[in-house]
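Worksheet: the structure to be examined is printed underneath.
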Number of protein chains: 2
Amino acid sequence: MNKSPAQDSGTPRTRIQRAKNEVILEAALTVFAREGFRGATLDRIAAEAGLSKPNLLYYFPSKDAIYEALLQGLLTTWLDPLRALDPQGDPVEEILAYVRRKLEMARDYPRESRLFAGEILRGAPLIRPVLETELRRMVDDSAALIARWQGEGRLAEVDPRHLLFSIWAQTQHYADFATQVQSVLGQDDFDGAAAHLDRVFRRLLTP
Amino acid sequence: MNKSPAQDSGTPRTRIQRAKNEVILEAALTVFAREGFRGATLDRIAAEAGLSKPNLLYYFPSKDAIYEALLQGLLTTWLDPLRALDPQGDPVEEILAYVRRKLEMARDYPRESRLFAGEILRGAPLIRPVLETELRRMVDDSAALIARWQGEGRLAEVDPRHLLFSIWAQTQHYADFATQVQSVLGQDDFDGAAAHLDRVFRRLLTP
DNA sequence: CGGTTATTTGACCAAGCGGTCAAAACAAGG
DNA sequence: CCTTGTTTTGACCGCTTGGTCAAATAACCG
């Protein structure tokens with residue numbers, strides 16, 4: 001009997017299975033980010049992972065399952081920096097550090113950023129529930145913290161939620177629209193972006 | 001002999017053909033923006049336009065042709081507001097007006113914004129040439145104007161090109177990531193966004 | 001080694017897709 | 001009415017794609 005591990009509930013058992021899972025998700029991230037969900041094919045993912053298509057489907061039951069696993073695993077990492085806002089720290093510096101971290105993620109993990117962007121562009125068919133609960137809660141919490149800081153006069157008055165949108169938009173822009181940035185500048189310019197965003201948010205947030 | 005008008009060079013001749021062309025591009029915009037290029041199918045576009053698939057292909061020779069026609073027609077409209085920067089006007093107010101116009105476009109033409117975003121996300125396979133020439137030139141010109149204003153001390157010193165990125169990122173965010181914004185806020189908030197961006201850029205740009 | 005289980009693969013399938021074609025329906029002019 | 005050109009459509013084709021399956025191969029274990 002040859003039951004595929006994909007049908008087992010929970011985490012893969014053997015070390016080999018975990019390793020292959022890893023390889024597959026890596027490959028899938030590359031392909032999904034470049035081609036989008038509909039544009040990606042199992043053959044391309046399999047090729048990228050160095051496997052045959054049936055072998056791919058031995059580890060994951062379907063294309064959707066791979067995509068879901070990717071997004072699921074991604075979300076935690078992706079939203080993590082926001083959790084690192086330290087209520088004890090200096091407000092302006094805390095937010096500037098957050099901006100810097102987000103920009104570094106755009107530079108170092110552009111595939112993740114693009115996968116995320118693609119999912120949301122298409123109406124977030126899969127992760128909308130997460131956005132409406134987990135993300136929303138996190139934003140509410142952060143907004144409360146920011147509002148507190150503002151109440152104490154340590155931060156300029158800006159709508160906290162739209163402030164977060166401003167940060168996300170500008171940092172992710174350098175990953176999601178990298179093609180455009182390169183076309184206009186002739187190359188990437190993350191250092192320039194870092195300096196720019198630092199100036200922008202320092203100026204905006206200093207009381 | 002029944003030669004399709006799609007093979008005629010230049011603009012469609014009769015009024016009927018122009019009308020159908022219009023209808024088709026409208027439908028295609030809706031479908032492409034929602035599903036992406038790969039996700040969109042000729043059947044869905046045809047259905048959206050109230051036509052049969054072969055009838056669609058009587059007016060356009062291929063799916064690619066429809067997509068290209070859409071993008072082509074779009075680019076002019078899309079980049080137009082940048083041309084409206086008036087060298088004679090007040091620098092801060094000129095740029096704020098530009099921001100406002102861009103945000104209005106995000107509100108009123110989200111499909112166009114998403115189509116554009118999708119194209120760039122996938123590496124701009126089709127419009128990269130345009131980005132590298134036309135867009136780049138326009139950005140260079142605008143950057144020169146902004147730099148002049150800064151030289152005259154009428155605008156705070158910010159990298160002009162990254163400033164434009166900041167504007168694009170934040171305004172288009174409200175169209176491209178509308179799903180996320182809605183999930184977090186519970187609804188759209190273009191008025192809030194307008195007030196926020198006005199504050200952001202006024203604060204940033206006032207010398 | 002042999003037996004048992006986990007992994008890999010070639011061949012295949014059904015559905016969906018972009019696109020074609022010949023014929024039908026329609027419109028306009030005489 | 002007929003003729004001529006335009007528009008519309010049902011049927012069809014070949015290719016790609018997600019997914020299956022039975023058999024082959026490798027890995028593990030006593």
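Keep in mind that the numbers below use all heavy atoms, side chains included, and drop hydrogens, waters and symmetry copies. Here is how names work: the chains are called A, B, and so on, in the same order as the sequence lines, proteins then strands, and each is numbered from 1. None of the values given here were measured: they were computed from a predicted structure.
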Scan the side chains in residues 181-188 of chain B for donor-acceptor partners under 3.5 Å anywhere in the protein, sequence neighbours excluded, and list what turns up.
{"unit_1": "Q182(B)", "atom_1": "NE2", "unit_2": "D188(B)", "atom_2": "OD1", "d": "3.4"}
{"unit_1": "Q182(B)", "atom_1": "NE2", "unit_2": "D188(B)", "atom_2": "OD2", "d": "3.3"}
{"unit_1": "S183(B)", "atom_1": "OG", "unit_2": "T179(B)", "atom_2": "O", "d": "2.9"}

Q | Contacts of D141(B) that satisfy side chain to side chain donor-acceptor pair (under 3.5 Å) - sequence neighbours left out | A | none
Q. Expressed in angstrom and rounded to an integer, what is the separation of E35(A) atom CD from dT17(D) atom C1'?
A. 14 Å
Distance-only check: which donor-acceptor pairs under 3.5 Å involve side-chain atoms of residues 119-126 of chain B, not counting sequence neighbours?
{"unit_1": "E119(B)", "atom_1": "OE1", "unit_2": "Y67(B)", "atom_2": "OH", "d": "2.7"}
{"unit_1": "E119(B)", "atom_1": "OE2", "unit_2": "L126(B)", "atom_2": "N", "d": "2.8"}
{"unit_1": "E119(B)", "atom_1": "OE2", "unit_2": "I127(B)", "atom_2": "N", "d": "3.2"}
{"unit_1": "R122(B)", "atom_1": "NH1", "unit_2": "A33(A)", "atom_2": "O", "d": "3.4"}

Q: Could you pull out all residues at least two apart from D189(B) that satisfy side chain to side chain donor-acceptor pair (under 3.5 Å)?
A: H162(A)
Q: Return the value, rounded to whole Å, for the distance between atom OH of Y67(B) and atom P of dC17(C).
A: 18 Å
Output a table of donor-acceptor pairs, distance under 3.5 Å, between side-chain atoms of residues 36-45 of chain B and any protein atom two or more places apart or on a different chain; print 'none' if there are none.
{"unit_1": "T41(B)", "atom_1": "OG1", "unit_2": "R44(B)", "atom_2": "N", "d": "3.1"}
{"unit_1": "R44(B)", "atom_1": "NE", "unit_2": "E35(B)", "atom_2": "OE2", "d": "3.4"}
{"unit_1": "R44(B)", "atom_1": "NH2", "unit_2": "E35(B)", "atom_2": "OE2", "d": "3.3"}

Q: Only pairs at least two apart or in different chains count here, so list each salt bridge (charged side-chain N to carboxylate O under 4.0 Å, His left out) that has a residue in residues 104-118 of chain B.
A: E26(B)-R111(B)
(Q) Listing request: all salt bridge (charged side-chain N to carboxylate O under 4.0 Å, His left out) pairs with a residue in residues 60-85 of chain B, at least two apart in sequence or in separate chains. (A) D80(B)-R83(B)
Name every donor-acceptor pair, under 3.5 Å, that has one atom in a side chain of residues 92-99 of chain A and the other anywhere in the protein, sequence neighbours excluded.
{"unit_1": "E93(A)", "atom_1": "OE2", "unit_2": "R202(A)", "atom_2": "NH1", "d": "3.0"}
{"unit_1": "E94(A)", "atom_1": "OE1", "unit_2": "D86(A)", "atom_2": "N", "d": "2.9"}
{"unit_1": "Y98(A)", "atom_1": "OH", "unit_2": "W168(A)", "atom_2": "NE1", "d": "2.8"}

Q) Using a cut-off of 4.0 Å on non-hydrogen atoms, how would the nucleic acid contact of A40(A) be classed: base, sugar-phosphate, or nothing? A) sugar-phosphate
(Q) To check you understand the geometry: which heavy-atom pair defines the closest contact between L25(B) and I66(B), and what is its length? (A) CD2-O, 4.1 Å
Q) Under the side-chain hydrogen bond (donor to acceptor under 3.5 Å, both in side chains) rule, what pairs show up with a residue in residues 124-133 of chain B, not counting sequence neighbours? A) none
Q: Under 4.0 Å from any atom of DNA chain C, heavy atoms only: list the residues of residues 41-51 of chain B that qualify, in numerical order.
A: T41(B), L42(B)
Q.
Under 4.0 Å, heavy atom to any atom of DNA chain D: which of residues 24-32 of chain A qualify?
A. none
**Q.** side-chain N/O Q17(A) vs dT7(C) OP1/OP2, d < 4.0 Å
**A.** yes
Q: Encode nucleotides 10-15 of chain D as B, S and - characters from 5' to 3', where the letter depends on protein heavy atoms closer than 4.0 Å: B to the base, S only to sugar-phosphate, - to neither.
A: BB----
Q. Looking at Y58(B), does any N or O in its side chain come under 4.0 Å of the phosphate oxygens OP1/OP2 on dT9(D)?
A. no
Q: Mind calculating the distance between CG (L57(A)) and P (dC12(C)) to the nearest angstrom?
A: 19 Å
Q) Once you round it to whole Å, what is the distance between P of dG18(C) and CG of D64(B)? A) 10 Å
(Q) Can you confirm whether the side chains of Q170(B) and S166(A) place a donor and an acceptor under 3.5 Å from each other? (A) yes
Q | Integer-rounded Å distance: dG16(C) P and R38(A) CZ | A | 11 Å
(Q) Can you see if the side chain of N55(B) gets near the phosphate of dT7(D) - specifically, an N or O under 4.0 Å from OP1 or OP2? (A) no
Q) For K63(B) and dG18(C), what is the distance between atoms NZ and P respectively, to the nearest whole Å? A) 4 Å
